[in-house]
Amino acid sequence: MSEAHYNHRFIEHKWQQNWRENQLYKVENNSSKPAYYVLDMFPYPSGAGLHVGHPLGYIASDIIARQRRQRGFNVLHPMGYDAFGLPAEQYAIQTGQHPAKTTEENIQRYRKQLDRIGFSFDWSREVRTCDEDYYKWTQWIFKQLFSHWYNNTSNRAEHIDNLVAIFENEGNVNVNHAGGEIEKFTAEKWLNYNANEKEDVLQNYRLAFIQETTVNWCEELGTVLANEEVKDGLSERGGYPVIKKPMKQWFLRITAYAQRLLDGLDTIDWTDSLKEIQRNWIGRSEGASVHFQIDGHDKALEIFTTRPDTIFGATFMVIAPEHEWADELLTDSQRDEATEYINWAKNRSERERMSEVKSVTGAFTGSYCTHPFTGKQIPIWVADYVLGGYGTGAIMAVPAHDSRDHAFAKKFGLDIIQVIENDEANVQEASFDTKVGKCINSGFLDGLDVVDAISKSIAIIDQKGIGKGTINYKLRDAGFGRQRYWGEPIPVVFNEGIPSLLSDAELPLTLPEVTSYEPSGTGESPLAAIDEWVDTPQGRRETDTMPGWAGSSWYFLRYMDSENEQAIASRDAIKYWGQVDLYMGGSEHATGHLLYSRFWTKFLHDINILPFEEPFKKLVNQGMIQGIVESIYLKKEKDGDKAVFVSADKVENEDDYTQIPVHVDFVSDYKKTDAPSYLNSDGIKQFIDWRPEYFKATFICSNGTIEDRIFEGEGEARFITKSEIGKMSKSKFNVVNPDDICEEYGADTLRLYEMFLGPLEDAKPWSTSGIDGVSRFLKKTWKLFVDQDGNYLPTDDEADKKSLKTLHATIKKVTEDINRISLNTCVSTFMIAVNEFTEQKCRNKSVLEQFLIVLSPFAPHITEELWERGGHTTSIVDANWPKFDEKHLVEDTKNYPISINGKTRLNMELSLSLDKQAVEEAVLANADVQQWLDGKTPKKVIVVPGRIVNLVV
RNA sequence: GCGGGUGUGGUGAAAUUGGUAGACACGCUAGACUUAGGAUCUAGUGCUUAAUCGCGUGAAGGUUCGAGUCCUUUCACCCGCACCA
């Protein structure tokens, strides 16, 4: 005897077990079916576990994966873990536990939570970036990067051996590579270099290379950070201060791919905002580089400008404090003052610098350049509004037409020369920043429009041999070394300072055991302390490890053939699955993971591993599910030795209080919109138990006072809390665990409910109000199939017309909505269908089962159960997606809305076979219409057949 | 400052091509059944009104027979970037 009532615990457990035992979601690479690849961003398994926000995207992608399978595709829908990274290591430092151990525990927990939601992941393909079998290939890709250079002429990466061959034949005079400028040498000179010198040269070409640069150093974390790991001068993880520090570092030459990364955006289906963020980050700008001869030196200062048309307005030059000639250009009279300024500017933290954006600072170097066209002397200044890392770290200042230059000129009393015509503004007072107008005071450019002047000035600069048209990118090469333990070891040894790669046979280079995970503080990783690991017959090992994004830049390829020991994946597997058809994930990875993955994909394409250049054909950003942060006000001033908390309605000036986060479980009326949330006596008791340091605190409630834990006042204590929408996080004590929802309502309800919340892309605060509606819907669905005694209801009697209409309207709408990933409206459609079937007392098995199939991607457990009860022996997962048939929706009549002057006044049931004329006549003959017309004749009658009638009076 | 996005009932939202604004839910109100209800069912629910009328998609204009949807101006909020020459 089957269960009579919908018992989600029993059903979900039963089917999850069944699916696992039958390996229902395992997919093969050999299939005659078309391939479809649906990917989720794999999670970092943190100690906090999954909260209800994580599955949002997974549920959406799972629905699409399941539906594609029912539509006849072979669907790859894998999952894995981004398992190297700082949090596990920080935890290891605190507790002494091996990060591998805590990571494993966290993964187990994640897996359990994921399994409970009923995803159709093929777990046989699971990847973990910290597995040796996996990072072997991350190291292998690194080796390829080290062994290749970027040829700007062929516009692709080429093997370094080819470059060496060119050097041996003709030196580097004809080589056009991506990277900084390199002194020219002949073949003869090259052949005479010793090994060390040769490698120093090659480092300028390799796509993975070592360079001494200023890096983002975070003292607290004891490591360098990538640009995108720094937010507002603080580390993204932990929020610790970050300073600039010179250091030798591994870099990847992503800048070689800047233009292709930009162009590729036009070929992929991502949101405009995401593409815009990447365009911004790459930051292409066209302009010119110009050399200004420095007086008394035999060198010229190279600057970059997007406005070479304003060159006649350049009245001074500015170099960044980090500029390599900053010291050299100082004259004796200016040396002390300028050095002091340079030191001050260099030592300021990012954070200080950014908070003082508006202040103008700088110093005169004492040196001058000669203007190439006017021959005038122009002073060279040093100022930190010019950034060392952008362009050439030096600019020509045109104060008349650039507000920053203007502010600087005003402060230091420098000349301002107007070179773009303008009648109204006075450039002595304010700069006139414009890209339209005619040039004046500009010699050979006079009278030209800005656009023409730019091209002409570049032509002349080029002709004079002092510069050329250039394109500049904001994008920087990506720092690739981390002075950390918990990451992929870099497969390099140094012999006499010359880096060389391990052989493929030596991979994976595994992490050794260490006794302490503490950063060494010298800037070296804990690995440096293990002599027996570091010292090898071939030389000293690199002790830096790779950053978190190394493993995640290619993981989507490994899923295609996760066990392969010969390659990252077989050629056949890569060819069969191809690009990721749909990638679901958060937009916070816009300038990190998503850019690096595109970079590695293009590189792997260049070296003939991949037949495609873009990894993710279509990308959808699921919105963040936020939590509500509850906190209470603590007076900054204590009352004697007692802490004083004050109810939010009695707080006048927030500055007098500290806000203490409160566990949301203690709060009453949590998340109600119509009433403020508060702590009652019980909630306050829970709070004190939780934070015993406030055992003796006083609570000033809105209706009385609690002292020494005794409430004096009217009725029940009411202590109002402050509620804000914010991140769902462990530190805010507001995490909602999906397990709890699965336990109470079931995974199918959770899945439907998360989709029902609203459009997938929108951010929304989590709230369970409304979940009952979804739960009721599933119970109603159940009742269509099973009566109170557990009998199976559907029969093979002929379906009635109304039910067929409901069914096909549902098939049509859901099929269309899944295609445009509008999953919230699908849930509404299901509800409407079930309401109608219930109303119709529909018992037709064929109709109801087709409905089940359409519902099954959203609610796989209940539909599988009801499918089985209908006598099926194979899973609903392999049922065919039903075909929509228009004929069931054809209507004979239409209930026309009749509007008068655009306002709907009444409805009329009319045959759809009537033509415009006939409809008009019928409408005008109607008594109610005549009453509305009040004897007047309509000026115009608009009839839109099948839609509407509008009478204009 | 630049770029992207969003504004619709008490709440989450729908309206895909300009064609009955508020589907579907939550909540609320009333009723039925019940020892009970945080179960189930029935009816109602944009505002206003006794009911009609009237008014309603952030605001103001415009195009149109007809505008949440198109155009112009404007306001608010969110996200990203930010001394990028």
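Everything numeric here is computed off the predicted structure, so don't read it as measured data. The chains referred to below are lettered A, B, ... by the order of the sequence lines, with proteins before strands, and numbering in each begins at 1.
Backbone-only engagement by A:Ile832 is indicated by non-hydrogen atom pairs under 4.0 Å involving sugar-phosphate atoms exclusively. A:Val952 comes within contact range of the sugar-phosphate backbone alone, with a heavy-atom separation under 4.0 Å but no base atom that close. Looking at heavy-atom distances under 4.0 Å, A:Asp405 makes no contact with the nucleic acid at all. Backbone-only engagement by A:Asn824 is indicated by non-hydrogen atom pairs under 4.0 Å involving sugar-phosphate atoms exclusively. Contact annotation for A:Tyr896: no contact, since no heavy-atom pair falls under 4.0 Å across all strands. Heavy atoms of A:Val318 sit nowhere under 4.0 angstrom from any nucleic acid atom. In this structure, A:Asp402 reaches neither bases nor backbone, as no heavy-atom distance under 4.0 Å exists between it and the strands shown. At a threshold of 4.0 angstrom between heavy atoms, the contacts of A:Lys275 with the nucleic acid are absent.
Checking B:G5, B:A15, B:A25 against the side-chain heavy atoms of A:Asp272 singles out B:G5 as nearest. You'll find that the side chain of A:Glu816 is closest to B:U16, out of B:U20, B:C24, B:U16. When distances run from any side-chain atom of A:Phe304 to the nucleotides B:G12, B:G4, B:A85, the shortest one goes to B:A85. When each of B:G80, B:C83, B:C65 is scored by its nearest atom to the side-chain atoms of A:Asp384, the top-ranked nucleotide is B:C83. Looking at the side chain of A:Lys813, the nearest of the listed nucleotides B:U16, B:C26, B:A15 is B:U16. The side chain of A:Glu276 sits closest to B:G4 out of B:C24, B:A85, B:G4. If you check B:G19, B:A13, B:A85 against the side chain of A:Pro759, the one that comes closest is B:A13. When each of B:A85, B:G19, B:G4 is scored by its nearest atom to the side-chain atoms of A:Ser273, the top-ranked nucleotide is B:G4. Here the nucleotide nearest the side chain of A:Ile948, chosen from B:G19, B:C83, B:U40, is B:G19.
Between the side chain of A:Asp477 and the backbone N or O of A:Ile254, at least one donor-acceptor pair lies under 3.5 Å. Judged by distance alone, the side chain of A:Tyr473 and the main-chain N or O of A:Trp281 form no donor-acceptor pair under 3.5 Å.
Along RNA chain B, the nucleotide closest to A:Arg307 and the one closest to A:Arg820 are compared, and the more 5′ of them pairs with A:Arg820. In terms of position along RNA chain B, the nucleotide closest to A:Leu757 lies nearer the 5' end than the nucleotide closest to the other residue of the pair A:Leu757 and A:Asn895.
One can place CD1 of A:Ile380 at 22 Å from P of B:A85, the figure rounded to the nearest angstrom. One interatomic measurement links the two molecules: OH of A:Tyr745 to C1' of B:A25, which rounds to 14 Å at whole-angstrom precision. In this structure, the CD1 atom of A:Ile942 is 3 Å from the C1' atom of B:C65, given to the nearest Å. A:Asp772 places its CG atom 18 Å from the P atom of B:C24, with the value rounded to the nearest Å. Atoms CG (A:Leu265) and P (B:G3) sit 18 Å apart, rounded to a whole Å. To the nearest angstrom, C1' of B:G38 lies 14 Å from CD1 of A:Ile771. In this structure, A:Asp762 atom CG and B:U11 atom C1' are separated by 15 Å, rounded to whole Å. What separates NZ of A:Lys411 from P of B:C83 is a distance of 18 Å, to the nearest Å.
Pairing for B:G1 goes to B:C81, judged as Watson-Crick or G-U wobble with the two contacts each under 3.5 Å. Pair assignment for B:C26: B:G10, on the basis of Watson-Crick or G-U wobble contacts that are both within less than 3.5 Å. In a base pair of the Watson-Crick type (N1 to N3 plus N6-O4 or O6-N4) or a G-U wobble (N1-O2 and O6-N3), with each distance short of 3.5 Å, B:G46 is matched with B:C55. Partner assigned to B:A32 is B:U40, using Watson-Crick or G-U wobble distances below 3.5 angstrom. For B:C70, the paired nucleotide is B:G62, the pair qualifying as Watson-Crick or G-U wobble because both relevant distances are below 3.5 Å.
At least one side-chain nitrogen or oxygen of A:Tyr390 sits closer than 4.0 Å to the OP1 or OP2 atom of B:A85. The phosphate of B:A25 has neither OP1 nor OP2 within less than 4.0 Å of any side-chain N or O from A:Arg776. Put simply, A:Arg279 has no side-chain N or O that comes within less than 4.0 Å of OP1 or OP2 on B:G4. For A:Asn950 and B:U20, the shortest distance from a side-chain N or O to OP1 or OP2 is not below 4.0 Å. One finds a side-chain N or O of A:Ser285 lying less than 4.0 angstrom from the OP1 or OP2 phosphate oxygen of B:A85.
In this structure, A:Tyr753 has its ring center under 6.0 Å from that of A:Trp766. Checked against the 6.0 Å centroid criterion, the rings of A:Phe412 and A:Phe316 do not qualify as a close aromatic pair.
Annotated as syn: B:G9, whose O4'-C1'-N torsion sits within 90° of 0.
In summary, A:Arg279 and A:Asp266 engage in a salt bridge, as defined by a charged side-chain N under 4.0 Å from a carboxylate O. With salt bridges taken as basic N to acidic carboxylate O contacts below 4.0 Å, none links A:Glu920 and A:Lys916. For A:Asp762 and A:Lys764, the salt-bridge test fails: no basic side-chain N is under 4.0 Å from an acidic carboxylate O. With respect to the salt-bridge test (charged N to carboxylate O, under 4.0 angstrom), the residues A:Glu886 and A:Lys812 do not qualify. Salt-bridge check for A:Glu286 with A:Arg284: passed, with a basic side-chain N closer than 4.0 Å to an acidic carboxylate O.
Comparing the same atom, C1', in B:U29 and in B:C78 gives a spacing of 36 Å after rounding to whole Å. Comparing B:U17 with B:C28, their P atoms sit 37 Å apart, to the nearest whole Å. B:G58 and B:C75: their C1' atoms are spaced 7 Å apart (whole Å). Going from the C1' atom of B:U8 to that of B:G22 covers 8 Å, rounded to whole Å. Nucleotides B:U64 and B:U69 are separated by 13 Å at their C1' atoms, to the nearest Å. Between B:U11 and B:U57, the two P atoms lie 16 Å apart (nearest whole Å). Rounded to whole Å, the C1' atom of B:G7 lies 30 Å from the corresponding atom of B:C53. When the C1' atom is compared between B:A67 and B:G62, the two are found 11 Å apart, to the nearest whole Å.
Relative orientation of the A:Trp344 and A:Tyr341 rings is tilted, given thresholds of 30° and 60° on the angle between their planes.
Interface remark: the A:Asn280 side chain does not form any donor-acceptor pair with the B:C81 base, using a distance-only criterion of under 3.5 Å. Applying the 3.5 Å distance criterion, the base of B:U40 shares no donor-acceptor pair with the side chain of A:Lys783. Side-chain to base pairing of A:Ser828 with B:A25: no donor and acceptor N or O lie closer than 3.5 Å to each other.
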